[in-house]
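Remember, it's a predicted structure, so these values are computed and weren't measured experimentally. In listed order, ligands and their atoms are each counted from 1.
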Amino acid sequence: MEYEKVKEATEFIIDVINIKPQVGLILGSGLGFMADEVKNAIALDYKDIPNFPISTTPGHEGKLIAGKLFGKSVVVMKGRFHVYEGYDPSTVVFPVYVMKELGVERFLITNAAGGISRDFNPGDVVLIRDFISLLSFKNPLRGPNDEKFGPRFPDMSEPFDREWMERLKEKVNLKEGVYIWTLGPSYETPSEIKAFDKLGADLVGMSTVPEIIAANHLGLKVLGLSCVTNMAAGILDTPLSHEDVMRVADMVKGKFARIVKVALEVI
Ligand code: HPA
């Protein structure tokens, strides 16, 4: 990650937003509506921010929004970047470095995921306890390391803040799961899902892990929530589609918003 590029983007944003955000929020497929809840919102198009990548997926708008959300100063990414769009993992995490440079120390990330664990049902919101990055054979930190950001070999033994998870679970009844990152854009095969199950994965998705690795590199505290939009391939006898993913994410909107509200209270 090039410090100068991060700095240039950050300075541009600071000039416009006029606040120091406490919490960085990245919203996944169909969950961007939360950004509309931000009060005194100032929105910037990704395309106007120097060095920022641009979002291409339907359902992912490309806006950075700063303001107050449920009492916290936030900077929200409405729309994120994925490796399946053709970006390098290091490009996908560029905004996380910018958020840190803006002053963010706490980080909340959400996504849509397929359920591998039979304990889950479509529509469940699940706390991400840990992740498996292994089978992507990708790491956003590959390349020269700038010690200004973090160490060459960052610890990943607790990628999500345990204390925050416990505090949230005291207030909301939530299951936990391990999220496995796949590159996409094709959904998984039933055999892949069977293999992921054996590896200990409970949730599968095409995002989040690069950003979590970057956030840990930067020393940010992290909370992650998945919305189970479908059961993963082969768990049920139905084909998977982006339309179904978006439809379930849309149905879960209200519940998800309530959980994000409580999450912002406890972090
Ligand atoms: N697989 C991968 N990514 C996903 C899924 C899935 O089943 N559902 C939502 N995002």
Side-chain angles (χ1 to χ4, degrees), residues 25-34 55-61 77-87 89 92-93 108-138 140 159-160 174-213 224-253 255-257 259-260:
L25 190 56
I26 298 185
L27 301 166
S29 295
L31 306 170
F33 71 94
M34 283 297 298
S55 196
T56 64
T57 316
H60 287 266
E61 266 185 74
M77 276 185 81
K78 188 173 183 181
R80 60 143 63 96
F81 306 105
H82 305 85
V83 174
Y84 64 70
E85 292 173 90
Y87 298 111
V92 167
V93 299
L108 174 56
I109 191 156
T110 74
N111 60 40
I116 299 175
S117 165
R118 271 75 171 171
D119 283 350
F120 301 156
N121 292 299
D124 283 352
V125 177
V126 176
L127 258 176
I128 311 174
R129 168 163 63 82
D130 199 354
F131 67 77
I132 300 174
S133 171
L134 182 71
L135 288 174
S136 69
F137 298 99
K138 296 250 186 275
F160 300 92
L174 285 174
K175 292 175 190 154
E176 291 183 14
V178 175
Y179 178 99
I180 189 163
W181 176 36
T182 57
L183 293 183
S186 48
Y187 288 111
E188 301 70 35
T189 64
S191 302
E192 285 170 334
I193 294 301
K194 228 184 250 174
F196 294 170
D197 191 11
K198 291 204 171 109
L199 286 175
D202 305 302
L203 300 156
V204 58
M206 305 173 195
S207 67
T208 303
V209 168
E211 293 98 319
I212 301 296
I213 292 175
L225 290 166
S226 280
C227 173
V228 179
T229 48
N230 56 284
M231 293 316 286
I235 306 266
L236 304 176
D237 200 15
T238 44
L240 272 52
S241 76
H242 186 59
E243 288 66 37
D244 288 346
V245 166
M246 299 298 284
R247 187 177 46 77
V248 175
D250 195 58
M251 274 164 44
V252 181
K253 258 178 163 174
K255 177 164 84 176
F256 207 84
I259 295 172
V260 168

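Between the CG atom in N111 and the CG atom in L203 there is a gap of 7.5 Å [rounded to 0.5 Å]. With rounding to the nearest 0.5 Å, the separation of CZ in F196 from OG in S191 is 11.0 Å. Separation of atoms CE (M77) and CD1 (I109) is listed at 8.5 Å; rounding is to 0.5 Å.
Under the side chain to side chain contact (heavy atoms under 4.5 Å, CB included) criterion, L183 pairs with V83, S136, K138, W181, not counting sequence neighbours.
For ligand 1, the 4.0 Å heavy-atom shell contains residues A112, A113, G114, Y187, E188, V204, G205, M206, T229, N230, L240, V245.
Note on residues 185-198: pairs passing salt bridge (Lys or Arg N to Asp or Glu O under 4.0 Å), not counting sequence neighbours, are R118-D197. Residue pairs meeting the salt bridge (Lys or Arg N to Asp or Glu O under 4.0 Å) criterion with at least one partner in residues 119-132, sequence neighbours excluded, are D124-K175, R129-E176.
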